[in-house]
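Take a look at the structure below.
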2 protein chains.
Amino acid sequence: MTSIDDVAAALGVSTATVSRALRGLPGVAEETRARVTTTAKRLGYVPSSAASGLASGRTMAMGVLLPAIDRWYFSAVLEGVDRRLRAAGYDLIVFSLGGDGVNRDRVFHRSILRKRIDALLVMCMHLTDEEREAVQQLEYPHIVVGGAVEGVRHVGIDDAQAARDAVEHLIALGHTRIAHMRGGGSFDIDFEVPRQREQAFRQTMADHGLGIREDWSAFGDFTFATSRVSALALLADPADRPTAVFCSSDEMAFGVLRAAAELGIGVPGELSVIGIDDHEFAAPMGLTTIRQDPADQGAYAADLLLGELLRNEPAEYPPSRPHLLVERASTGPAPV
Amino acid sequence: MTSIDDVAAALGVSTATVSRALRGLPGVAEETRARVTTTAKRLGYVPSSAASGLASGRTMAMGVLLPAIDRWYFSAVLEGVDRRLRAAGYDLIVFSLGGDGVNRDRVFHRSILRKRIDALLVMCMHLTDEEREAVQQLEYPHIVVGGAVEGVRHVGIDDAQAARDAVEHLIALGHTRIAHMRGGGSFDIDFEVPRQREQAFRQTMADHGLGIREDWSAFGDFTFATSRVSALALLADPADRPTAVFCSSDEMAFGVLRAAAELGIGVPGELSVIGIDDHEFAAPMGLTTIRQDPADQGAYAADLLLGELLRNEPAEYPPSRPHLLVERASTGPAPV
DNA sequence: ATGAAAGCGCTAACAA
DNA sequence: TTGTTAGCGCTTTCAT
């Protein structure tokens with residue numbers, strides 16, 4: 001491996017000059033910089049991140065802590081984060097807690113604190129008290145994306161308002177018999193988000209003088225499969241079923257749509273379904289939903305951290321990102 | 001930040017002893033090791049990865065190069081890789097080429113070669129000649145997951161056989177009018193995989209003496225939305241349409257199912273649909289498919305690299321992972 | 001079983 | 001504008 005010394009020796013200049021030239025620092029004659037650049041390329045020199053990290057205290061890497069990679073929301077956020085980091089020349093290190101609790105604290109103690117990263121982005125999820133504390137006490141910039149985590153700043157959509165918008169869309173269509181497909185639960189994925197959406201659902205119903213039936217609060221676990229099974233039960237009785245279902249996520253909405261199709265229930269004629277997310281499948285499925293843009297959220301958070309790294313001072317920022325009602329074919333007037 | 005020297009000083013031992021004790025190396029009295037461990041924990045000592053990487057030449061990180069994070073296959077592979085790495089105490093660095101070609105070569109030259117990682121896992125995708133060469137000449141262990149990349153070893157399912165199994169399932173059900181929903185195209189995602197599946201489709205049809213209609217080779221781009229639109233056209237004419245569609249991926253199969261539903265075509269009564277993947281939505285959708293396990297492929301590849309890192313010699317290994325026909329409700333006998 | 005000391009390859013004062 | 005020189009915090013011989 002050719003090192004900075006090789007380049008310096010080849011040109012008869014000092015390593016400091018090579019370093020400055022290559023990093024675009026001022027105080028290097030343009031002619032010198034050109035020669036250095038050329039020679040470095042010719043020798044195939046690539047700086048060692050370990051060495052520069054050790055010397056400068058900057059790793060040029062950012063970490064993302066998440067409960068699972070292979071879920072729509074998280075992978076989309078990741079994509080947004082990555083785009084920004086790439087542009088800034090930063091590398092992305094992913095810490096997934098991946099289902100089993102095994103190695104959870106190893107992640108915390110070995111990696112997150114290991115000076116491997118300059119900043120950390122935490123995806124909304126349930127943390128133990130100890131873990132939360134570890135995050136709070138991080139010495140470098142950090143932020144939560146998605147739901148709130150106590151004592152840590154965060155960015156995300158206004159979950160309560162998003163849920164309210166969805167429910168009010170149904171109410172405006174004349175629905176009064178509205179069920180809720182809830183998320184959260186088996187995954188450690190989150191606590192705050194499902195709770196806020198649920199609470200907003202209840203509050204909105206109450207604000208409009210509509211009653212809530214506890215047996216119409218179905219558990220969908222944020223997944224297609226669980227939601228489908230729940231919906232099959234929820235919609236089983238033609239004589240007594242909701243005319244609309246507010247789903248706390250699109251994936252659960254797909255489960256409800258599927259259940260309706262299996263039961264021969266017409267959408268939106270007999271049943272309206274609305275979700276939250278605007279998942280990739282929502283448009284082709286004709287699903288009405290509240291759009292959020294996870295990639296934007298990730299990019300926004302990454303920008304924030306990158307900015308703080310640059311200016312070395314905390315940023316002022318509005319914590320909430322926009323959402324938008326997208327009307328498609330899965331919602332319509334309440335049946336008479 | 002407390003360093004190894006602080007720990008050593010606190011105990012009145014040398015840094016070498018602390019290092020040995022903490023890394024579980026032999027030649028340390030158990031009593032000493034215990035004292036070191038305790039003190040290190042008390043002082044909140046966490047070794048710096050940059051320093052140890054610089055000194056030892058090991059970064060304890062593995063890279064994954066992929067065209068996009070937020071797609072089913074890739075995020076699932078990532079999950080499998082991550083699980084293994086976590087267990088081995090390795091960190092995961094993700095290099096996404098993410099759509100736009102911007103910064104592509106920066107990824108190659110700045111990150112991959114930057115001694116930041118001990119090994120690289122490349123997700124099947126289209127690489128420029130120069131990029132392919134860069135990968136081939138990597139000095140550390142590397143492997144491709146998914147489709148083949150010329151000149152680099154790889155692991156994945158036997159795509160040709162998987163496609164053949166799918167098509168023969170349809171043929172065994174009596175279908176002769178079989179269409180193909182093809183993937184590949186707009187994403188740089190892949191070249192080899194869609195081609196192999198297409199070729200196997202053609203070969204299998206020919207082997208069974210069945211004709212192929214070029215207008216029944218539809219382009220689905222590996223996505224739900226594109227496939228749905230293609231299928232809408234493919235299935236438009238009740239008097240002249242296929243009785244079965246072989247889809248090169250589940251997401252495209254969902255598009256075909258959706259199109260069939262919109263057109264009022266009964267599945268599997270009038271139309272059989274089969275996919276490849278066993279996507280999370282396949283079971284609740286009742287989709288017959290060829291199951292593959294991306295997480296397993298990722299884990300397998302990661303294990304391989306980890307093993308080589310450990311033993312310092314290339315591993316012998318079977319390049320192909322299993323696939324399995326999963327019969328569900330979307331395929332049935334050809335209509336008479 | 002432990003310690004001393006020489007780097008690993010860079011960056012960042014400080015000089016010149 | 002360029003060079004000199006300390007480190008950054010570990011690992012790893014080589015001694016002891």
Side-chain angles (χ1 to χ4, degrees), chain A residues 1-37 39-40 43-61 89 110-111 113-118 139-140 309 312, chain B residues 1-37 39-40 43-61 89 110-111 113-118 139-140:
Chain A
M1 276 286 95
T2 106
S3 78
I4 199 173
D5 296 287
D6 300 326
V7 180
L11 279 117
V13 300
S14 73
T15 63
T17 297
V18 174
S19 176
R20 283 190 281 251
L22 258 23
R23 286 183 299 149
L25 294 188
V28 180
E30 276 317 314
E31 191 254 327
T32 310
R33 196 189 299 279
R35 286 169 52 222
V36 169
T37 310
T39 307
L43 299 181
Y45 167 67
V46 181
S48 149
S49 59
S52 70
L54 186 55
S56 69
R58 290 283 201 199
T59 66
M60 293 303 280
R110 223 192 50 79
S111 304
L113 308 167
R114 225 187 156 192
K115 302 163 191 96
R116 210 189 242 303
I117 53 181
D118 294 335
E139 294 175 348
Y140 46 72
L309 250 18
N312 216 14
Chain B
M1 274 286 96
T2 108
S3 78
I4 199 172
D5 296 285
D6 301 325
V7 180
L11 278 118
V13 300
S14 71
T15 63
T17 299
V18 174
S19 176
R20 283 190 282 250
L22 258 23
R23 286 182 299 147
L25 296 187
V28 180
E30 276 316 313
E31 192 252 328
T32 309
R33 195 188 299 278
R35 286 170 52 222
V36 170
T37 310
T39 306
L43 299 181
Y45 168 67
V46 181
S48 148
S49 59
S52 70
L54 185 55
S56 70
R58 290 285 202 197
T59 66
M60 292 304 279
R110 223 193 51 79
S111 304
L113 307 166
R114 224 188 155 191
K115 302 165 190 94
R116 212 190 240 302
I117 53 180
D118 294 335
E139 292 175 348
Y140 46 72

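Order of the sequence lines fixes the chain letters, A, B, ..., with proteins taken first and strands second; residue numbering starts at 1 for each chain.
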**Report entry** A/L22 CG - C/dT11 P separation (whole Å)
**Finding:** 9 Å
Query raised in the report: Do any N or O atoms from the side chain of A/K115 and from the backbone of A/T59 form a donor-acceptor pair under 3.5 angstrom?
Result: no
Query raised in the report: B/L25 CG to C/dA1 C1': how many Å, rounded?
Result: 13 Å
Requested in this report: Using atom CZ of B/R23 as one end and atom C1' of D/dT12 as the other, report the distance to the nearest whole Å.
Outcome: 8 Å
Report task. Specify the separation, in whole Å, of atom CZ of A/R20 and atom C1' of D/dT4. Result -> 10 Å
Query raised in the report: If we ignore angles and hydrogens, is there a donor and acceptor under 3.5 Å between the side chains of A/R35 and A/T39?
Result: no
**Report entry** Integer-rounded Å distance: C/dT11 P and A/M60 CE
**Finding:** 11 Å
Query raised in the report: Are B/T2 and B/Y45 side-chain neighbours, meaning at least one heavy-atom pair lies under 4.5 Å?
Result: yes
Query raised in the report: Would you say a side-chain N or O of B/S48 is under 4.0 Å from OP1 or OP2 of D/dC10?
Result: no
Query raised in the report: Think B/S56 has a side-chain N or O under 4.0 angstrom from the OP1 or OP2 of C/dC8?
Result: no
Requested in this report: Using only heavy-atom distances, determine whether the side chains of A/T15 and A/D5 contain a donor-acceptor pair under 3.5 Å.
Outcome: no
Query raised in the report: Any side-chain N or O of A/S52 under 4.0 Å from OP1/OP2 of C/dC10?
Result: no
Query raised in the report: Given D/dC8, is OP1 or OP2 found less than 4.0 Å from the side-chain N or O atoms of B/S3?
Result: no
Requested in this report: Starting from the 5' end of DNA chain C, give me the residue, A/Y45 or B/S14, whose nearest nucleotide shows up first.
Outcome: B/S14
Report task. Ignoring backbone atoms, establish whether B/S19 has a side-chain N or O less than 4.0 Å from OP1 or OP2 of D/dT11. Result -> yes
Query raised in the report: In whole angstroms, how far is the C1' atom of D/dT11 from the CD1 atom of B/I4?
Result: 8 Å
Query raised in the report: To the nearest Å, how far apart are A/K115 NZ and D/dC10 C1'?
Result: 10 Å
Query raised in the report: Under the 3.5 angstrom rule, does the side chain of B/R58 hit a backbone N or O of B/S52 as a donor-acceptor pair?
Result: no
Report task. Find which nucleotide of DNA chain C each of B/A16 and A/L54 is nearest to by heavy atoms, and output the residue with the more 5' nucleotide. Result -> B/A16
Report task. Considering just the side-chain nitrogens and oxygens of A/R58, establish if one lies under 4.0 Å of OP1 or OP2 belonging to D/dC8. Result -> no
Query - Length of the CG-P vector between B/D118 and C/dC8, whole Å - result: 18 Å
**Report entry** Candidates C/dT2, D/dT5, D/dT1 - which lies nearest the side chain of A/T32
**Finding:** D/dT1
Query - Closest-nucleotide 5' rank along DNA chain D - winner of B/M1 and A/G12 - result: A/G12
